[in-house]
Trainee: 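So that we are looking at the same thing, I have put the structure below in structure tokens.
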Protein chains: 2
Amino acid sequence: MQSIAEKYFCIFTKVMKQKKRVTIYDIAQKLNVTASTVSRALSNNGYVNEATRLLVQKTAAELNYKRNTLASNLRKGESKTIGVVVPRINQNFFANVIAGIEDSTYQKGYNLVICQSDEQYKKEVKCVNTLINQHVDCIVISVSVDSLNYDHLQNVIDQGIQLIQFDRVADELQTLKVINDNEQASFEAVCHMLEQGYKKIALLEGPQNLNIFRQRKNGYLRALKKFGVPVNSAYVVENAWTKELGAAATKKLLNLPDAPDAIFASTSDFSALGVLEVANGMQIKVPSQLGICGYSNEAFTEITSPSITTIDQFSMDMGRAVANLYFDELGNTNTSEIPKTIDIKPALIIRGSTSRKS
Amino acid sequence: MQSIAEKYFCIFTKVMKQKKRVTIYDIAQKLNVTASTVSRALSNNGYVNEATRLLVQKTAAELNYKRNTLASNLRKGESKTIGVVVPRINQNFFANVIAGIEDSTYQKGYNLVICQSDEQYKKEVKCVNTLINQHVDCIVISVSVDSLNYDHLQNVIDQGIQLIQFDRVADELQTLKVINDNEQASFEAVCHMLEQGYKKIALLEGPQNLNIFRQRKNGYLRALKKFGVPVNSAYVVENAWTKELGAAATKKLLNLPDAPDAIFASTSDFSALGVLEVANGMQIKVPSQLGICGYSNEAFTEITSPSITTIDQFSMDMGRAVANLYFDELGNTNTSEIPKTIDIKPALIIRGSTSRKS
DNA sequence: TATTTTTCTGCAATCGATTGCATATTGAAA
DNA sequence: TTTCAATATGCAATCGATTGCAGAAAAATA
């Protein structure tokens, strides 16, 4: 009888294995305990006899049981998951921030879900909604260039999900934030170039709806003012954040009657690379005839000829700060408090492209 | 009376909004229908009166209802989610594959969950288990350098989840695969260098537990054989897949009494970059004194001086092929059939670093 | 007009894991 | 020895969405 029961169970398990996953009820049945005991044994929660616990765990391993986190998270009301939305994952800056977040969350047994918006508002909304639907515990986001409306982020807050913005933030939303002091970094970069003797510095800026580009422009203006250099509006070019756009803007700038002698690509190193390629194409010597400064310390900035002066945003530190901010705020239910903003100081990395005096 | 009921409901909703998310039961209660009707109306499944359907959808929007996909997926037994595990997301190759997958899956309303193993077996196992627990419908993976054991992948299959391997595959597992013809690409690269007059070609190879590196080595050996060039084992260096490792290997090679006159960094363009930097440091002229060929067509290969000859793996096409393979196989329940392997042809990109005869 | 088919709604169960609490047993303390 | 506390287990409900099916009503067909 017992032998027959065992036999049927083996056949039943074999069929199941091909069609259905092992659940705690299968373990419970095999050990003649209830699912409740199995659950307690597997989670080491509540009281369970030590021998029973070991037997349950051994059987679970033998049957290759995998917990169903859909069910578990549904019941528990938490998922230990952080969703991250970035414009593009193949940009070093964002990839490094993610690495920094992962560095800290991995140790705490948190899962990371990474989404990319592809710099499209529509996709960003979809990413955010998908994460909301998945009941993640926190959403970390750097908004896309295309995003002019932040209702979807307000929605995150309304759903009771912690929202942390980093780098590109929507200022009007009162949320936790991790940022760089873009204005100061920009200010220092432009001062450096002025100190190198560059007198006519152009600015390649990004869309002014994004905080980071506004701040970088402010730093540029502040440096010019400090050195008593008048602002030439012909030297300020918008929407120059890709290599191609940077190259096109540079062609126009260098064809002005009163061409600039330096270009600050405040949007990205990719834009600066576009500048460098155009300068090379026009036989304009860098840094003696034209200074170039980028932003973000992409890997390639040190391998170009000459290497490109840029701003290091300490992206991995930023990622760690994001994760730590989340964990620090976990117990905090005081919602009338002003949400914290963490400021990671960027650094100016001086390289060949601006080293005129040497 | 009705006014009082409405009043209580508003207070109830307000409290709920701060503590609990709106569920279909809230909508049902408000409209005096059952949750069953609400569900049918929201999913447009089964029969539901048109006026009721519109009213339910309007109310859901007003209450900012968000479906709980934990519950939905649990009940439905499917998640419309594909999990992707790659060694590093900031490598262009992998980022582009992901972009290709996303390109195709986005149109079909599928969600993508991206994990990175950081080239660590331990993290790769965690990634895979997390995805299994999340009941994703499919796992797409390129294994890490560190992975010498593939039980975790067999486990994916055992759990009834579709597994697709790409690029770096475990040959012993009979799964769907999307690969490059690494051997042929390698063969062509080495033939090209031999045709350029390089006679002593060194190979920087990767760990031979990975299929891709074995194949690239085979192509190298085949080309040497075709040209009747004897194999010099001193010219074959293992574990040279980062820039730093490539640089170190190059120093040793170039200090040999009979130094090579070309180096094929078959592991990556990063390795080739290390070669280039060492050559520059030793005043060795590229391509006249030393030829350099990389692998993967990373973005920087066209901006170095000279630009680096490399292999383009058509990573985005690869990603699209992965997604399409998944969708093609969705209806297929014939498990006795040999799983398909899709082969994306790579292309040799000839640039300055190997252009000796010109 | 009677019969058949379609439409609609609600009930109850399902999915798999977790947990509050009742009950029984064992061990410790008075 | 009696009382109290700790240990252990099982029952039933919960989480939120989905869906099979029964029964009723409306529409279509004979």
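The chains referred to below are lettered A, B, ... by the order of the sequence lines, with proteins before strands, and numbering in each begins at 1. Heavy atoms only: backbone and side chains are in, while hydrogens, waters and symmetry mates are out. All values reported here derive from a predicted model rather than from experimental measurement.
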Trainee: Across the strands shown, which category fits A:Val38 at heavy-atom distances under 4.0 angstrom: base, sugar-phosphate, nothing?
Mentor: nothing
Trainee: Can you tell whether the side chains of B:Glu119 and B:Arg168 come within less than 4.0 Å, N to carboxylate O?
Mentor: yes
Trainee: What's the CG-C1' distance between A:Asn45 and D:dT7, to the nearest Å?
Mentor: 14 Å
Trainee: Can you list everything that forms a salt bridge (Lys or Arg N to Asp or Glu O under 4.0 Å) with A:Glu172? Sequence neighbours excluded, please.
Mentor: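 For A:Glu172, no residue satisfies salt bridge (Lys or Arg N to Asp or Glu O under 4.0 Å) once neighbours in sequence are set aside.
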Trainee: Find the distance A:Leu55:CG to D:dT9:P and express it as a whole number of Å.
Mentor: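 To the nearest whole Å, that distance equals 11 Å.
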Trainee: Quantified as the angle between the terminal helix axes (five pairs each), what is the overall bend of the helix from C:dT1-D:dA30 to C:dA30-D:dT1 to 10 degrees?
Mentor: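 For the helix from C:dT1-D:dA30 to C:dA30-D:dT1, the axes at either end differ by 30°.
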Trainee: Please work out if B:Ser43 contacts a base, only the sugar-phosphate, or nothing of the nucleic acid, heavy-atom cut-off 4.0 Å.
Mentor: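 Since no nucleic acid heavy atom lies under 4.0 Å of B:Ser43, the category is nothing.
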Trainee: Report yes or no: do B:Gln162 and B:Glu329 form a side-chain donor-acceptor pair below 3.5 Å?
Mentor: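 Distance-only check fails for B:Gln162 and B:Glu329.
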Trainee: Treating B:Asp26 as the side-chain partner and B:Thr23 as the backbone partner, does any N or O pair qualify as donor plus acceptor under 3.5 Å?
Mentor: yes
Trainee: Show me the protein contacts with nucleotides 11-17 of chain C, counting only N or O atoms at under 3.5 Å.
Mentor:
residue: C:dC11; atom: N4; partner: B:Ser36; partner atom: OG; Å: 3.0
residue: C:dT14; atom: O2; partner: B:Arg75; partner atom: NE; Å: 2.4
residue: C:dG16; atom: N2; partner: A:Ala71; partner atom: O; Å: 3.2
residue: C:dA17; atom: OP1; partner: A:Tyr65; partner atom: OH; Å: 2.9
residue: C:dA17; atom: OP1; partner: A:Asn68; partner atom: N; Å: 3.3
residue: C:dA17; atom: OP2; partner: A:Ile24; partner atom: N; Å: 2.9
residue: C:dA17; atom: N7; partner: A:Tyr25; partner atom: OH; Å: 3.4

Trainee: To the nearest Å, how far apart are A:Asn44 CG and C:dT18 C1'?
Mentor: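 Those two atoms, CG and C1', are 15 Å apart.
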Trainee: List for me each residue that meets side chain to side chain donor-acceptor pair (under 3.5 Å) alongside B:Thr130, sequence neighbours excluded, and say none if there are none.
Mentor: A:Asn111
Trainee: Find the distance A:Asn49:CG to C:dG27:P and express it as a whole number of Å.
Mentor: 11 Å
Trainee: Among C:dT7, D:dT19, D:dT9, which is the nearest nucleotide to the side chain of B:Tyr47?
Mentor: C:dT7
Trainee: What pairs with A:Asn64 under side chain to side chain donor-acceptor pair (under 3.5 Å), at least two apart in sequence or on another chain?
Mentor: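 A:Asn64 satisfies side chain to side chain donor-acceptor pair (under 3.5 Å) with B:Asn155 once adjacent residues are dropped.
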Trainee: Quick one, A:Val143 and A:Leu153 - any side-chain contact, counting heavy atoms below 4.5 Å?
Mentor: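 Touching, per the 4.5 Å side-chain cut-off.
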Trainee: Please check this pair: side chain of B:Ser79 against backbone of B:Asn73, looking for a donor-acceptor N/O pair closer than 3.5 Å.
Mentor: no
Trainee: Apply side chain to side chain donor-acceptor pair (under 3.5 Å) to A:Asn49 and list each qualifying residue two or more places apart in sequence or on a separate chain.
Mentor: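 For A:Asn49, no residue satisfies side chain to side chain donor-acceptor pair (under 3.5 Å) once neighbours in sequence are set aside.
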Trainee: Just the rounded figure in Å: distance from P of C:dT18 to CG of A:Leu42.
Mentor: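 Going from CG in A:Leu42 over to P in C:dT18 covers 8 Å.
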